Amino acid sequence: MPLEDKPKEDPPSQQDGAVGGAADDGSTKMDDDTNINTHELDSSGEGEVFKRQRINSPKRPTHNVSPGASPRKHATFEELLAQAGIVTNMALAHEIVVDGNFKLQQSDFPENSIEKQVKEVMHRAFWDSLKVHLEEDPPRYDTAVSLLGEVKEFMFSILLPHHERLRAQIDEAIDLPLIQQQAEQEILDVMHYANFIIGIMSKLCAPVRDEDITKLKEITDVIQLFKEIFRVLELMKLDMLNFTLQSLRPHLQHQSVEYERGKFAEFLKTQQDGLELTRKWLEESAEDLKTKVQQSTPPSTTATASAPSTARPGLVYGPAAILNHGYVGLLKWKETELFPETMTMDKGRIIDLSVQLERAVLLASVLLVTYTNVGAAIAGIQGFPSRLKHHMIVLLEGVKDYSTVMPNIAEEVCKEVNKCLQERQAPVLTPEIQEALKAQVIAVGDKQHSVHQLLDSRAESFIRMIISQPLTFDPTGKLPMGLTTVERQLIELSKQYARLLSHNRAVFGPYYSEIIGKIIQPA
């Protein structure tokens, strides 16, 4: 099922070219119609020099837009996309490709909403009407005939193209002209058709719906039976759609880069400056990175774009480094600031990952302080870190201000430490040591605490390393000191972020390249 064709855009005249749009398999998509030499940042390594690539690099349009037609200055990107009529298809395509667990879900109106009440009233009226008609003497079958026609169409919508025999079987069995004649002659057996429908449903349904089919066979009331038939058919249609999405995902992944880029280009045509926030984000990233590199570089080896500094591992100044530094910075984004336009589709995921990162750093900080204060008495105890992390995660669940629960965490730390010591028949902590440990645990919850800051910086460096490598890179054993207690959590969120950013680079790389090129080599 191919994605909607996007209109071709005239490529921009660039000074420096396009930021790397590497696909997950490491390949780079190129437009056969374009023969422009541009530069691409290598997303698989920090500080790499530009690589020559032929790539379609859309330019921010310079259409004249009248002031009256421009949206309000501080409208969110989502609002602007909605105004341009673009958001739904682009967001859906992005979700399908980026989220490997994406599934369509049944939707309903909010509880107690007017829409839900109207829907329920209409459905109740239909089923009540059917019941009254069937109970008349003689029965009236016009509503039942209409119902069977709807079920037939519903079943057709679930069939796949290769289900030709089933389609013919359904068409022959649910013969509406014949059913109409039976209704007129008052010999229509509705339950006969219901049993046929259930038999077809049992052949089409996924194994997860077998129990629902079994329950259908046990219902004897015709009204309740058809209510349940429609309910199960809706679930089966959802199953079929999700199966189709899963089957098409590899194809969609190849198509989505050009599709999303084209949709974004359509959005840019409606704006005077649709990349304002993205430009500001990358400019700030470049400035912050340059400052940090200069601070870590001896005076005689100042970093330049043409000769990236390598004074400190993982921290260099160059096109790819600027982008990756900006990506890492998104994990510490201020809630009051608007997200860059090119990252808005992933805002929710990035916020979730930032919460996971913050929690992982806190867990590692608490464990480091605990081991440092208690010493060899708990070193090497199997399962101790896991149990303590589990208790801390429970206490942190749904909490935004961690300082409010740090006293509880401190109590839990002392409790677990004493429990482990007792299991090893070792002396428990004295009251004095417990109070000192509690104070240290509470203190390390402050983000300005030296231990917290150190582990946070190391976690950022680790994430920067992961997103700078190919997706096949194995980070096992490369975790900085102090973070091994949260190795699984940190690797998992880093790899998840890397996959998300790989797609983002592929879609918006040309825009990033143009912006970063002007930052490094201003006109």
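All values below were derived from every heavy atom in this structure, side-chain atoms included, with hydrogens, water molecules and symmetry-related copies excluded. Just so we're clear, the structure is a prediction, and the values are computed from it rather than from any experiment.
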Gap between atom CD of E397 and atom CG of L395 - 0.5 Å precision: 10.5 Å
More than 12 heavy atoms from other groups under 6.0 Å of CZ on F473: yes
K415, NZ atom: more than 12 neighbouring heavy atoms under 6.0 Å: no
Residues in salt bridge (Lys or Arg N to Asp or Glu O under 4.0 Å) contact with E284, at least two apart in sequence or another chain: K280
Ring geometry between Y512 and Y327 (parallel below 30°, tilted from 30 to 60°, perpendicular above 60°): perpendicular
Show which side-chain atoms of residues 357-365 pair as donor or acceptor with protein atoms under 3.5 Å away, not counting sequence neighbours.
{"unit_1": "E358", "atom_1": "OE2", "unit_2": "K447", "atom_2": "NZ", "d": "2.9"}
{"unit_1": "S365", "atom_1": "OG", "unit_2": "V361", "atom_2": "O", "d": "2.7"}

Candidate pair E283 and R279, rule salt bridge (charged side-chain N to carboxylate O under 4.0 Å, His left out), full reasoning: CA-CA 6 Å; E283 287 172 350; R279 191 178 300 105; 5.1 Å; no
Residues that E412 engages under salt bridge (Lys or Arg N to Asp or Glu O under 4.0 Å), provided they are two or more places apart: none
Residue pairs, two or more places apart or on separate chains, that pass salt bridge (Lys or Arg N to Asp or Glu O under 4.0 Å) and touch residues 426-441: E411-K438, E435-K438
H452 side chain vs V444 backbone, donor-acceptor pair below 3.5 Å: yes
Summary of salt bridge (Lys or Arg N to Asp or Glu O under 4.0 Å) pairs that have at least one residue in residues 360-378, sequence neighbours excluded: none
Distance in Å, M343 CE paired with W333 CH2, rounded so as to fall on 0.5 Å steps: 10.0 Å
pair L330-D346: side-chain heavy atoms closer than 4.5 Å: no
S502 side-chain N/O to R499 backbone N/O, donor-acceptor pair under 3.5 Å: no
All pairs passing salt bridge (Lys or Arg N to Asp or Glu O under 4.0 Å) where residues 471-491 contributes a residue, at least two apart: R488-E492
Verdict with supporting geometry, Y317 and Q294, side chain to side chain contact (heavy atoms under 4.5 Å, CB included): CA-CA 9 Å; Y317 187 79; Q294 289 174 345; over 6 Å; no
Pairwise distance OG1(T484) to CG(L479) - rounded to 0.5 angstrom: 7.0 Å
Between N324 and R505: side-chain donor-acceptor atoms closer than 3.5 Å: yes
Under-4.0 Å salt bridge between D352 and R349: no
Expected output: side-chain S285 to main-chain I322 donor-acceptor under 3.5 Å: yes
Residues forming a salt bridge (Lys or Arg N to Asp or Glu O under 4.0 Å) with D288, sequence neighbours excluded: K292
Under the side chain to side chain contact (heavy atoms under 4.5 Å, CB included) test, residues paired with K334 that sit two or more places apart: T336, E337
Pairwise side-chain contact, E341 with F508, heavy-atom cut-off 4.5 Å (strictly under): no
Residues in side chain to side chain contact (heavy atoms under 4.5 Å, CB included) contact with V208, at least two apart in sequence or another chain: A206, D239
Pairwise distance CZ(F384) to CZ(R424) - rounded to 0.5 angstrom: 11.0 Å
Which atom of I467 lies closest to which atom of A498, heavy atoms considered: CG2-CA, 4.1 Å
Nearest non-hydrogen partners of P427 and L421, listed with the distance: O-CD1, 3.4 Å
Compile the donor-acceptor pairs under 3.5 Å between side chains in residues 371-378 and protein atoms, sequence neighbours left out, one pair per line.
{"unit_1": "T372", "atom_1": "OG1", "unit_2": "L368", "atom_2": "O", "d": "2.7"}
{"unit_1": "N373", "atom_1": "ND2", "unit_2": "V369", "atom_2": "O", "d": "2.7"}

S457 (side chain) donor-acceptor with Q453 (main chain) under 3.5 angstrom: no
N-O pairing of K290 and E287 below 4.0 Å: no
Shortest non-hydrogen separation from A286 to I519 and the atoms involved: CB-CG2, 3.7 Å
Close side-chain approach of H503 to V507, heavy-atom, < 4.5 Å: yes
Within-4.5 Å side-chain heavy-atom neighbours: L388 and V417: no
Distance, nearest 0.5 Å, that separates OG of S494 from CD of Q356: 10.0 Å
Non-hydrogen side-chain atoms of D456 and K332 separated by less than 4.5 Å: yes
For T404, all residues meeting side chain to side chain contact (heavy atoms under 4.5 Å, CB included), sequence neighbours excluded: V399, D401
Minimum heavy-atom distance between A410 and I442, given as atom pair plus value: CB-CG1, 3.9 Å
Heavy-atom closest pair, residues T485 and K389: O-NZ, 2.6 Å
Set of residues satisfying side chain to side chain contact (heavy atoms under 4.5 Å, CB included) with respect to P480, sequence neighbours excluded: R458, F462, L483
Interatomic spacing from CG in N418 to CG in L429 - rounded to 0.5 Å: 4.5 Å
L331 and Y497, any side-chain heavy atoms less than 4.5 Å apart: yes
Check: W281 and F339 side chains under 4.5 Å, non-hydrogen atoms: no
Q440 vs T370 side-chain heavy atoms within contact, under 4.5 Å: no
Heavy-atom closest pair, residues I491 and P475: CG2-CG, 3.8 Å
